[in-house]
Amino acid sequence: MIAGQNKRIHGKGQAGWKTWIGLLPFFLFITFFLVMPSLTLFSGAFQDAEGRFTLANFSFLENTFALKSYLTSIWVSLTTSLIGGIFGFFVAYATTSSRAPRWMSNILSTFSGLAANFGGVPLAFAFIATLGRTGFITALLKGVCFNGADGAAICPFNPYDHGFNLYSAAGLILAYTYFQFPLMVLTITPALEGLKKEWSEASANLGSNSAQYWRYVALPVLLPSLLGATILLFGNAFGAYATAQALTGGSIYLVTIMIGQQIRGDVLGNPNEGYALAFGMVIIMSLTIVLYILLQRKTARWLKL
Amino acid sequence: MKKKNNPWAIFWAVLAMLYFFVPMLGTFIFSLRMKRGVLSFLAYQSVLSDANFLRSFRYSATMGVVTVIVSVVLLLPSVYWIYIKAPKMKPVMEIISILPFVIPVIVLVFGLIRTFGRPPFQLTLSSFGTDVLIAAGYVIISMPYMYRAIDVGMRSMDVRTLTEAAQNLGSNWFQVLTLVILPNLRIAILSGALICFATVMGELILGDFLVRPALGSYMAGVGRSKAYEPAALAIISYGLTWLCLGLIQYFSRGRSQQQLTGR
């Protein structure tokens, strides 16, 4: 009886369709709502209006408008992933090994979980309410007087008169950092906690100071995790749409915004070019995720030590 | 040996706390300033009494529940099947489960509209058909979280032994799944469900482009036309995310922490 049951469960011999049958509903769902939509775009990217194969749609790379949207997206994502990555690393550094007071570490780890998931439209609202033209901080700053270069008091100080503008790429970077650095804290903390105490003791015994320990031991060990986490941040920013749309009303041309406008009304004047634009995004995201997974594997190897 | 607090660590920690709290505090105080000269909850009253808010909140909450149910019904048997019958399919499943990260939501909605906006699979003719499409999109978007939640939960229990025991007692597959596996996974599924729900409540793109009254599109609309209500909405939305994460933390005390990412 038991042997028979075991056979029913383990059933080594029954390869082929029988291993698939239980996954059929799931695969059907994925095929319908993920694979088919993707294929529609991908095949469209390589077809002209009459359905013939062409690479001409990728000439959007010569269309300064579309190319610029890619460059803006890449620039914003790169900047926020670097700022968020570096800042997040230091925050994670502060919260591990009881370097900062315990209550601070507790607050920071709780809020990292919250802020990493706080995005979209509400995040844009929060920044507009705080740093927008009539925002809370802007209003506070307007009430503060300070001495200008010529010694005369400038009062009130309106940051918008001094080159600051929230509704721009700079404002977008400021807002994205709100979820980027907490995501860095969440992804890099396990790696920092995985640094063995023995390593710093051993390097101290060999006569190195703290700077040398970080330069020759800790950072090289952490490098794959740092790179991987930063790449994850890049992808996180690259695919974002809602915050940018709500913050700038679509006046900053990210690829996602561009695709959004293409869906609404074919701004590129060629539907297939829109597909090519979307295809390019998927390529960049795939590269990002593959790199991240490879680096993550490398990290997992020494974390297990 | 008690280590002394590192001044640099404190510097970064304080800076991070400022980054967390200043926008939150600023938004909160701003949201109280609707009535000139005094602090009041007028903006909140205005939002909460808006029929459109209630309608879109109800719509998104319903969609959130539908998404959770469909995700569980779809993923639980599949992951279980992989553990019991087809462990070789695990890598395939893992790759599929991260595909939604590779395909940004704006690209997904583009594909959905172009695929299901015209024959032979046209779904956008009726609002019900569109809702089916949106729900499917939400299931796809939240799949990585739900998959991971269920996978982690199953890894921590002995699926095989439980199945054998239940079968020896005469259960069929359906009974094993609903009476043995599901109860053991309730914490994992609950955290996955809360993440799904929070994702749906905060999502803008699907509801906006498929023109259904989702909370995200409502918020975007308010942001274009009003000054103080958006701040109140941001605080409400903050509270909602807070609640979902707090519940996850509460239910999974002592277990490995969940983390949700991506937007």
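Heavy-atom basis, side chains included; hydrogens, waters and symmetry copies ignored. Naming: A, B, ... by sequence-line order, numbering from 1 per chain.
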Taking the inter-plane angle between the rings of B/Tyr19 and A/Phe87 on a 0 to 90° scale, is it parallel (under 30°), tilted (30 to 60°) or perpendicular (over 60°)?
tilted
Show, in sequence, the C-alpha distance, side-chain angles and deciding distance for B/Ile98 and A/Ile293, and conclude whether the side-chain contact (heavy atoms from CB on, under 4.5 Å) test is met.
CA-CA 10 Å; B/Ile98 52 166; A/Ile293 290 173; 3.4 Å; yes
Considering only heavy atoms from C-beta outward, does the side chain of B/Tyr238 approach that of A/Pro122 to under 4.5 Å?
no
Any heavy-atom pair between the side chains of A/Phe118 and B/Ser237 that's under 4.5 Å?
yes
Under 4.5 Å to a heavy atom of chain B? For A/Leu114 that would be both
Chain A contact via B/Phe116 - which portion, at a heavy-atom distance below 4.5 Å:
side chain
Listed by chain and number, what are the ring pair (Phe, Tyr, Trp, His ring centres under 6.0 Å) partners of A/Tyr167, not counting sequence neighbours?
none
Looking at A/Arg264, A/Met104, A/Gln262, which one has more heavy-atom pairs under 4.5 Å with chain B than the rest?
A/Arg264
Heavy-atom cut-off 4.5 Å, strictly under: side chain, backbone, both or neither for B/Met219 against chain A?
both
So which part of A/Tyr93 gets closer than 4.5 Å to some heavy atom of chain B, the side chain, the backbone, both or neither?
side chain
Let's go through A/Phe32 and B/Phe121 carefully: what are the C-alpha distance in whole Å and the side-chain angles of both, what is the deciding distance for side-chain contact (heavy atoms from CB on, under 4.5 Å) to 0.1 Å, and is it a yes or a no?
CA-CA 10 Å; A/Phe32 249 77; B/Phe121 298 111; 3.8 Å; yes
Chain B heavy atoms under 4.5 Å from A/Phe27: which part of the residue, side chain, backbone, both or neither?
side chain
At a heavy-atom distance under 4.5 Å, which candidate from A/Thr134, A/Leu24, A/Ile128 has the highest pair count against chain B?
A/Thr134
Part of A/Val282 within contact of chain B (heavy atom distance under 4.5 Å):
both
For B/Ile29, is it the side chain, the backbone, both or neither that has a heavy atom under 4.5 Å from a heavy atom of chain A?
side chain
For chain B, the option from A/Ala246, A/Ala237, A/Ser112 that forms the most heavy-atom pairs under 4.5 Å:
A/Ser112
Would you please test A/Phe136 and B/Arg33 for side-chain contact (heavy atoms from CB on, under 4.5 Å) and show each step?
CA-CA 10 Å; A/Phe136 175 66; B/Arg33 284 192 171 164; 4.0 Å; yes
Identify which part of A/Leu108 has an atom lying under 4.5 Å from any heavy atom of chain B, answering side chain, backbone, both or neither.
both
Counting heavy-atom pairs under 4.5 Å with chain A, which one of B/Val79, B/Leu108, B/Ile140 comes out on top?
B/Ile140
Student check: side-chain heavy atoms of A/Phe90 and B/Leu15 closer than 4.5 Å:
no
Could you walk me through whether A/Thr130 and B/Met24 pass the side-chain contact (heavy atoms from CB on, under 4.5 Å) test, one step at a time?
CA-CA 8 Å; A/Thr130 312; B/Met24 242 173 108; over 6 Å; no
Of the backbone (N, CA, C, O) and the side chain (C-beta and beyond), which part of B/Phe28 lies under 4.5 Å from a heavy atom of chain A, both, or neither?
neither
Side chain, backbone, both or neither: which part of B/Ile106 has a non-hydrogen atom closer than 4.5 Å to chain A?
both
Look at A/Leu123, A/Val290, A/Thr177 and state which one has the largest set of heavy-atom pairs under 4.5 Å with chain B.
A/Thr177
Proximal component of A/Ile107, with respect to chain B [non-hydrogen, under 4.5 Å]:
side chain
For A/Ile263, which atoms come within 4.5 Å of any heavy atom of chain B: side chain, backbone, both, or neither?
both
Check whether any side-chain heavy atom of B/Ile96 lies under 4.5 Å from a side-chain heavy atom of A/Phe26, and answer yes or no.
yes
Minimum heavy-atom separation for B/Ala16 to A/Val91, with atom names?
CB-CG2, 3.6 Å
Looking only at A/Gly132, A/Gly235, A/Ser286, A/Ala94, most heavy-atom pairs under 4.5 Å shared with chain B are made by A/Ala94
Part of B/Val73 lying under 4.5 Å from any heavy atom of chain A
neither
Okay, B/Ile236 and chain A: the region with an atom under 4.5 Å from a heavy atom over there is neither
Counting heavy-atom pairs under 4.5 Å with chain B, the top scorer among A/Phe29, A/Tyr178, A/Tyr275 is A/Tyr178
Is B/Ile235 in contact with chain A via its backbone, its side chain, both, or neither, using a 4.5 Å heavy-atom distance?
neither
Between A/Phe111 and B/Phe20 (judged by ring centroids, cut-off 6.0 Å), do the two rings come close enough to count as a pair?
yes
Within-4.5 Å side-chain heavy-atom neighbours: B/Thr27 and A/Phe125
no
Is there a side-chain contact between A/Gln245 and B/Asp208 in this structure, where contact means two heavy atoms from C-beta onward sitting under 4.5 Å apart?
no
A/Thr256 versus chain B, heavy atoms under 4.5 Å apart: side chain, backbone, both or neither?
both
Is B/Trp12 close to A/Thr95 at the side-chain level, that is, under 4.5 Å between some pair of heavy atoms?
no
Who pairs with B/Tyr138 by ring pair (Phe, Tyr, Trp, His ring centres under 6.0 Å), at least two apart in sequence or on another chain?
none
